[in-house]
Amino acid sequence: MNIHLARTGLPDDRSCVPAFEALASSDARGTHHLVGSPDDADVILFTECHLVGDWRLRPMLEHPLHRRFPTRCFVYDERDDPWCALPGVYVSAPRAGC
């Protein structure tokens, strides 16, 4: 599976995209691959939910990549009280679901 890590405009020293890139580089199985172009991606992953400062995730919902590829966009959200605006992995999702 090809994965593109989307950026929301945060500088690298505030973004967690570089950490996800480093983790991906240590993948021993090689099942998933990071790609630089969203055109080549099966999944476009937003990882900065906890950093954008908008609980409604507008930076992701209004992002040009989400507008262009809405069915490919997912989030990785590690906030304690997530607002499940997009499909994805919610670390602290309520037991009843999002």
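Quick caveat: nothing in here was measured; it's all calculated off a predicted structure. Computed from heavy atoms alone, side chains included, the values below leave out hydrogens, waters and symmetry copies.
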Indicate, with yes or no, if Phe46 and Val52 share a hydrophobic cluster defined by side-chain heavy-atom contacts under 4.5 Å among Ile, Leu, Val, Met, Phe, Trp and Tyr. yes

Single-linkage hydrophobic cluster, 4.5 Å side-chain cutoff, Phe74 and Leu34 together: yes

Without swapping roles, check the side chain of Asn2 against the backbone of Asp42 for a donor-acceptor pair under 3.5 Å. no

Between the main-chain N or O of Arg79 and the side-chain N or O of His50, is there a donor-acceptor pair closer than 3.5 Å? no

For the student: nearest non-hydrogen atoms of [X] and [Y], plus distance:
| X | Y | value |
| --- | --- | --- |
| Ser92 | Asp80 | CB-O, 3.5 Å |
| Leu5 | Phe20 | CD1-CB, 3.7 Å |
| Ile3 | Ala41 | C-CB, 4.4 Å |
| His63 | Pro59 | CB-O, 3.2 Å |

Quick one: pull up [atom1] in [X] and [atom2] in [Y] and give me the separation to the nearest 0.5 Å.
| X | Y | atom1 | atom2 | value |
| --- | --- | --- | --- | --- |
| Leu86 | Ile44 | CG | CD1 | 11.5 Å |
| Trp83 | Leu57 | CH2 | CG | 7.0 Å |
| Tyr90 | Cys84 | OH | SG | 5.0 Å |
| Asp27 | His32 | CG | NE2 | 7.5 Å |
| His4 | Cys73 | NE2 | SG | 9.0 Å |
| Met1 | His33 | CE | NE2 | 11.0 Å |

Is Asp39 paired with Arg72 through a side-chain N to carboxylate O contact shorter than 4.0 Å? no

Salt-bridge contact Arg7-Glu21 (side-chain N to carboxylate O under 4.0 Å): yes

Test item: side-chain donor near acceptor, Glu48 and Ser15, under 3.5 Å: yes

